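Below is one structure, written out as structure tokens; the observations come after it.
Predicted model only: the values in this text are computed from it and were never measured.
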Amino acid sequence: MASSLMKLGTLSKADREFYNTNGYCLKSDFLDREIIDKIRNEAKELFAIQIRNNGIELNSLEDKDFEPALYELFRIDFNSFIGGAKLCQHTFSMHQLAVSEGLMDNLKHIGLEHPVVCVKPLIFFNSPHISKIEGHYKTPAHQDWRSMQGSMNSIVVWIPLIDVDRNLGTLEIVPGSHLRGLFDSVEDDWFRNIPETEIPESEYVSVDVKKGDVLFFSSFLVHRSGNNTSQNIRWSMHFRYNDANESSFIDRKFPHPYKVYHPEKDLVTPNFPTKQDLKEAYSND
Ligand SMILES: O=C(O)CCC(=O)C(=O)O
């Protein structure tokens with residue numbers, strides 16, 4: 001019943017078996033498209049505030065209007081773009097989905113006895129037009145466990161917010177790689193990547209996905225981004241979870257390797273707010 005609230009499909013025993021063998025499970029038409037549109041629109045609306053505040057024309061939130069306006073914001077006021085990009089990570093709609101009962105039930109179906117959120121849910125908007133380094137729109141080969149270091153059965157839920165084809169750069173995975181151990185990796189601009197010498201090119205498989213599909217994959221599955229050669233933004237969401245009942249996670253004392261979530265010690269905007277600013281903010285007029 002809970003699943004229907006968020007209009008999510010239900011994983012079966014066969015899905016779980018496929019997942020354990022291959023390290024991933026792709027479900028088509030699994031999630032209500034209205035929810036997805038709501039999440040993407042909420043993110044667009046936040047960017048739109050900064051776009052308009054910079055005097056950039058924006059006639060509608062349709063991609064044909066929105067994307068050039070966002071690229072312009074990136075060009076003329078990078079800090080406003082970054083502010084929007086960060087705030088998009090804090091929308092109610094995305095967080096509601098990430099902690100919905102429907103999603104939690106499915107994590108249990110796939111084998112997590114006591115699912116807990118590993119890191120904040122993420123919304124990605126990948127395009128070379130709004131990136132300063134390649135790693136911001138195209139991740140190299142890696143295993144998410146390197147950054148998560150949580151339970152052995154920790155999982156990533158990867159959700160496209162639009163149809164993603166080869167032009168937009170599909171996700172590329174190495175089926176079965178979750179059983180091949182933790183690969184050696186080298187530090188880079190982005191984080192750490194698995195060098196080409198570790199896994200031949202021929203082992204990567206492109207995952208074509210449509211809006212409404214959901215990809216569940218093990219945090220040990222090797223994956224990377226395809227190349228977005230289009231003029232458009234490739235929108236997706238990434239949720240990560242641990243299992244608080246997994247014995248190695250318990251014995252390792254629930255490690256959480258994300259160290260930096262700490263407030264700035266100095267004022268971000270010097271001399272702000274003044275008493276007068278506060279009086280106006282709290283005025284009853
Ligand atoms: O969405 C992508 O292309 C890659 C995302 C990814 O690799 C990750 O979040 O770990």
Side-chain angles (χ1 to χ4, degrees), residues 2-9 27-104 106 117 119-131 136-137 156-165 167-171 207-215 225 228 230-240:
S3 301
S4 64
L5 287 177
M6 263 300 188
K7 295 182 189 156
L8 233 80
K27 297 301 289 175
S28 297
D29 290 327
F30 202 69
L31 177 57
D32 190 333
R33 288 156 180 243
E34 269 177 40
I35 293 170
I36 298 173
D37 287 341
K38 187 172 170 205
I39 293 172
R40 189 160 81 103
N41 277 336
E42 208 180 335
K44 282 176 157 181
E45 276 159 11
L46 294 176
F47 274 128
I49 293 171
Q50 289 296 338
I51 289 171
R52 294 196 172 109
N53 198 44
N54 272 272
I56 300 168
E57 189 176 86
L58 180 61
N59 293 325
S60 78
L61 289 186
E62 282 178 43
D63 290 332
K64 68 173 177 39
D65 295 327
F66 177 79
E67 290 183 339
L70 187 66
Y71 300 166
E72 180 66 2
L73 180 69
F74 178 84
R75 274 192 297 271
I76 69 169
D77 188 352
F78 181 65
N79 288 336
S80 294
F81 171 83
I82 289 295
K86 286 187 178 164
L87 204 57
C88 286
Q89 311 303 329
H90 296 260
T91 61
F92 270 47
S93 50
M94 177 168 70
H95 284 250
Q96 276 163 348
L97 176 62
V99 296
S100 63
E101 282 192 55
L103 199 46
M104 194 170 78
N106 277 308
V117 172
V119 283
K120 290 185 291 183
L122 289 172
I123 182 166
F124 271 39
F125 15 83
N126 299 39
S127 160
H129 296 286
I130 44 175
S131 304
H136 288 165
Y137 73 94
V156 181
V157 181
W158 193 97
I159 303 175
L161 295 169
I162 55 170
D163 297 350
V164 180
D165 63 12
N167 290 333
L168 276 168
T170 49
L171 195 71
V207 188
D208 292 300
V209 283
K210 293 216 174 329
K211 185 165 78 172
D213 298 354
V214 177
L215 176 68
S225 316
N228 182 355
S230 75
Q231 292 304 310
N232 304 110
I233 297 172
R234 190 257 241 171
W235 293 81
S236 58
M237 286 184 302
H238 313 177
F239 304 158
R240 297 183 172 84

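To the nearest 0.5 Å, atom CG of residue Leu73 and atom CG of residue Asn79 are 10.0 Å apart. With values rounded to the nearest 0.5 angstrom, Ser100 atom OG is found 8.5 Å from Leu31 atom CG. To the nearest 0.5 Å, atom CG of residue Asp77 and atom CD1 of residue Ile51 are 11.5 Å apart. Here CZ of Arg75 is found 11.0 Å from CD1 of Ile130. Values are rounded to the nearest 0.5 Å. Distance check, rounded to the nearest 0.5 Å: CG of Leu8 to CD of Glu101 gives 11.5 Å.
Using modelled atom types, one side-chain atom of Lys44 and one backbone atom of Leu61 make a donor-acceptor pair closer than 3.5 Å. Although no hydrogens or angles enter the test, the distance criterion places a donor-acceptor pair under 3.5 Å between the side chain of Asp32 and the main chain of Glu34.
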(message) Assess the residue pair His129 and Gln231 against the criterion (side-chain hydrogen bond (donor to acceptor under 3.5 Å, both in side chains)); give the C-alpha distance rounded to whole Å, side-chain angles, the decisive distance to 0.1 Å, and a yes or no.
(response) CA-CA 8 Å; His129 296 286; Gln231 292 304 310; 2.9 Å; yes

(request) Applying side-chain hydrogen bond (donor to acceptor under 3.5 Å, both in side chains), run through Ser60 and Asp65 and close with a yes or a no. (result) CA-CA 6 Å; Ser60 78; Asp65 295 327; 2.6 Å; yes

(request) Carefully, step by step, assess Leu215 and Val157 under the rule side chain to side chain contact (heavy atoms under 4.5 Å, CB included). (result) CA-CA 6 Å; Leu215 176 68; Val157 181; over 6 Å; no

(message) Please determine whether side chain to side chain contact (heavy atoms under 4.5 Å, CB included) holds for the pair Val164 and Val207, giving the CA-CA distance in whole Å, both sets of side-chain angles, and the decisive distance to 0.1 Å.
(response) CA-CA 9 Å; Val164 180; Val207 188; over 6 Å; no

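Considering every non-hydrogen atom in both Trp158 and Ser236, the closest pair reads CZ2-CB, 3.8 Å. Shortest non-hydrogen contact noted between Ile39 and Met237 is CG2-SD, 3.7 Å. The nearest pair of heavy atoms linking Ala43 to Cys88 is O-SG, 3.5 Å. Taking every heavy atom of both residues into account, Leu161 and Lys211 meet most closely at O-CD, 3.3 Å. Heavy atoms only, all atoms of each residue included: Ile233 and Ile162 are closest at O-CD1, 3.3 Å. Nearest heavy atoms, Ala69 versus Leu58: CB-CD1, 3.8 Å.
A centroid separation of 6.0 Å or more is found between the aromatic rings of Phe125 and Tyr137. For Phe124 and His238, the distance between ring centers is under 6.0 angstrom.
Two residues are said to be in side-chain contact when any heavy atoms from C-beta on lie closer than 4.5 Å; Thr91 and Glu45 fail this criterion. Inter-residue side-chain proximity for Phe239 and Val117 is flagged as unmet; no heavy-atom pair is nearer than 4.5 Å. Side-chain contact check for Ile159 versus Leu97: some heavy-atom pair is nearer than 4.5 Å. In this structure the side chain of Phe30 reaches within 4.5 angstrom of the side chain of Asn106, judged on heavy atoms. The shortest side-chain heavy-atom distance between Lys120 and His90 falls under the 4.5 Å cut-off. In this structure, the side chains of Gln89 and Ile123 come closer than 4.5 Å at one or more pairs of heavy atoms. Using a 4.5 Å heavy-atom threshold, the side chains of Thr170 and Val209 count as separate. Looking at heavy atoms from C-beta onward, Asp208 lies out of side-chain contact with Asp163 at the 4.5 angstrom threshold.
Between Lys210 and Asp29 no salt bridge is recorded (no basic side-chain N to carboxylate O distance below 4.0 Å). A salt bridge links Asp63 with Arg40: the distance from a Lys NZ or Arg NE/NH1/NH2 to an Asp or Glu carboxylate oxygen falls below 4.0 Å.
Asn228 is linked by a side-chain contact (heavy atoms from CB on, under 4.5 Å) to Ser127, Pro128, Leu168, Ser230, Arg234, counting only residues two or more places apart in sequence or in another chain. For Asp165, the salt bridge (charged side-chain N to carboxylate O under 4.0 Å, His left out) criterion is met by no residue, not counting sequence neighbours. Residues forming a salt bridge (charged side-chain N to carboxylate O under 4.0 Å, His left out) with Lys38 (at least two apart in sequence, or on another chain): none. Annotation: side chain to side chain donor-acceptor pair (under 3.5 Å) contacts of Trp235 (sequence neighbours excluded): none. Under the rule for a side-chain contact (heavy atoms from CB on, under 4.5 Å), the partners of Asn53 that lie at least two apart in sequence or sit in another chain are Gln50. In this structure, the side-chain contact (heavy atoms from CB on, under 4.5 Å) partners of Leu87, at least two apart in sequence or on a different chain, are Leu46.
Ring geometry for Phe78 versus Phe81: interplanar angle under 30°, hence parallel rather than tilted (30 to 60°).
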